[in-house]
Amino acid sequence: MTWLEAASARVVARWTRLYTAGLPAPVRDRRREEIGADVHGQLDDARSRRERPAVTAAAMMSRLARGAVHDLSWRHEVGRPASLARWQARRAWGLHPGFVLAAQSLQGISGQQRSLTRSIACLWLAALAISLLITRLLPARTARPRPARQHHP
Amino acid sequence: MRRRAGELLPIEQAILAGGIELAAAGEPGFYGFAMARQIRDANSARQLTAHGTLYKALARLEQAGLLTSSWEDPGPAEAERRPRRRLYRVTPSGERAVLRSTGQRAGTAPRPGLGLGLGLA
């Protein structure tokens with residue numbers, strides 16, 4: 001492999017790493033491995049046909065450039081459920097201080113004579129447990145694959 | 001713009017037709033680059049199908065049940081010192097879909113064994 005071919009292969013690999021970053025590991029790794037095998041196959045094929053390295057490198061960059069829009073739209077489609085789940089998880093964490101404040105307000109209203117420190121610690125732990133539960137449950141519920149847009153027989 | 005039910009895009013039709021032709025030639029499954037090469041050769045095109053276009057279409061066809069895929073055994077990849085390949089196969093639904101689509105485009109009833117060389121837009 002010449003430096004030109006190697007550089008093109010590196011650009012394709014970096015682009016693939018970039019647009020798959022942040023996706024669920026199985027989806028991300030599958031796409032990266034598939035592109036890796038594709039690039040290897042293209043280089044192998046070019047070698048067997050004695051193609052000029054500059055032509056192979058240009059063909060590889062052309063494939064990247066022509067498909068970049070589809071790469072991004074694919075990423076948008078497969079990444080949406082995951083980002084929704086992350087957003088809902090963050091929202092659940094955001095609720096956590098709300099639980100604490102609400103619980104403390106209720107305690108203040110009731111006027112009970114318990115140790116303030118111990119009560120706050122208990123309430124904080126309870127609120128943390130609820131938040132963790134919500135954080136664990138929401139992604140599992142929202143990360144289902146969306147139904148296919150196209151209708152095939 | 002939404003597609004009509006059962007309608008295949010040219011790239012999807014080319015992939016399914018190419019997969020059928022490769023299977024007929026004795027290749028039990030195909031991977032991405034083999035399909036890009038098959039489409040280029042079948043259409044006498046100068047360029048290989050772009051990565052993004054190809055793999056997005058493969059994912060769409062798999063989701064629709066017209067293709068199945070699995071990783072190849074690690075043995076051949078290790079022996080040939082290359083990355084392992086994701087191998088795709090056309091399902092019976094995929095075969096029916098491409099024959100129906102070819103028939104629709106030609107304006108005639110599909111015939112089994114019909115030449116499936118397809119032009120790409």
- Identify which part of Val69(A) has an atom lying under 4.5 Å from any heavy atom of chain B, answering side chain, backbone, both or neither. neither
- Item | By side chain to side chain donor-acceptor pair (under 3.5 Å) - contacts of Arg10(A) (at least two apart) | none
- From CA spacing to verdict: side-chain hydrogen bond (donor to acceptor under 3.5 Å, both in side chains), Tyr55(B), Asp38(A): CA-CA 10 Å; Tyr55(B) 289 97; Asp38(A) 186 303; 2.7 Å; yes
- If you measure from the Lys or Arg side-chain nitrogens to the Asp or Glu carboxylate oxygens, is any gap between Glu33(A) and Arg85(B) under 4.0 Å? no
- In Å and rounded to the nearest 0.5 Å, what is the CZ to CH2 distance from Arg60(B) to Trp74(A)? 13.0 Å
- Query: When rounded to the nearest 0.5 angstrom, what is the spacing between CZ in Arg63(A) and CG in Leu54(B)?
  - Reply: 6.5 Å
- Thinking salt bridges, do Glu34(A) and Lys56(B) make one under a 4.0 Å N-O criterion? no
- Message: Could you see if Leu87(B) belongs to whatever hydrophobic cluster contains Leu61(B)? Use Ile, Leu, Val, Met, Phe, Trp, Tyr and a side-chain cutoff under 4.5 Å.
- Response: no
- Region of Arg30(A) in contact with chain B, defined by heavy-atom distances below 4.5 Å: both
- Message: For a quick test of reading the model, state the closest non-hydrogen atom pair linking Ala50(B) to Gly67(A) and the distance between them.
- Response: CB-N, 3.4 Å
- Message: Count I, L, V, M, F, W, Y as connected when their side-chain heavy atoms are under 4.5 Å apart, and connections chain through other members. Are Tyr19(A) and Leu64(A) then in the same cluster?
- Response: yes
- Most contact-rich option vs chain A, by heavy-atom pairs under 4.5 angstrom, among Arg96(B), Arg82(B), Gln47(B), is Gln47(B)
- Task: Mind checking the NE2-CZ spacing from His40(A) to Arg84(B)? Nearest 0.5 Å is all I need.
- Result: 15.0 Å
- Could you grab the distance from atom CG of Leu48(B) to atom CZ of Arg66(A), nearest 0.5 Å is fine? 7.5 Å
- Of the listed residues (Gly32(B), Ala57(B), Gly52(B)), which shares the most heavy-atom pairs with chain A below a 4.5 Å separation? Gly52(B)
- Nearest 0.5 Å please: distance from the CZ atom of Phe33(B) over to the CD1 atom of Ile35(A). 12.5 Å
- Query: Going only through I, L, V, M, F, W and Y residues with side-chain contacts under 4.5 Å, is there a path from Leu16(B) to Leu9(B)?
  - Reply: yes
- Would Trp71(B) end up clustered with Val27(A) when hydrophobic side chains under 4.5 Å apart are linked, directly or stepwise? no
- Is the shortest distance from a Lys or Arg side-chain nitrogen in Arg37(B) or Asp45(A) to a carboxylate oxygen in the other one below 4.0 Å? yes
- Item | Greater than 12 external heavy atoms within 6.0 Å of Arg49(A)'s CZ | yes
- Message: If hydrophobic clusters are built by linking Ile, Leu, Val, Met, Phe, Trp and Tyr wherever their side-chain heavy atoms come under 4.5 Å apart, do Met60(A) and Tyr31(B) end up in the same one?
- Response: no
- Taking all atoms of both residues into account, what is the closest heavy-atom pair of Pro83(B) and Gly36(A), and its distance? CG-O, 3.9 Å
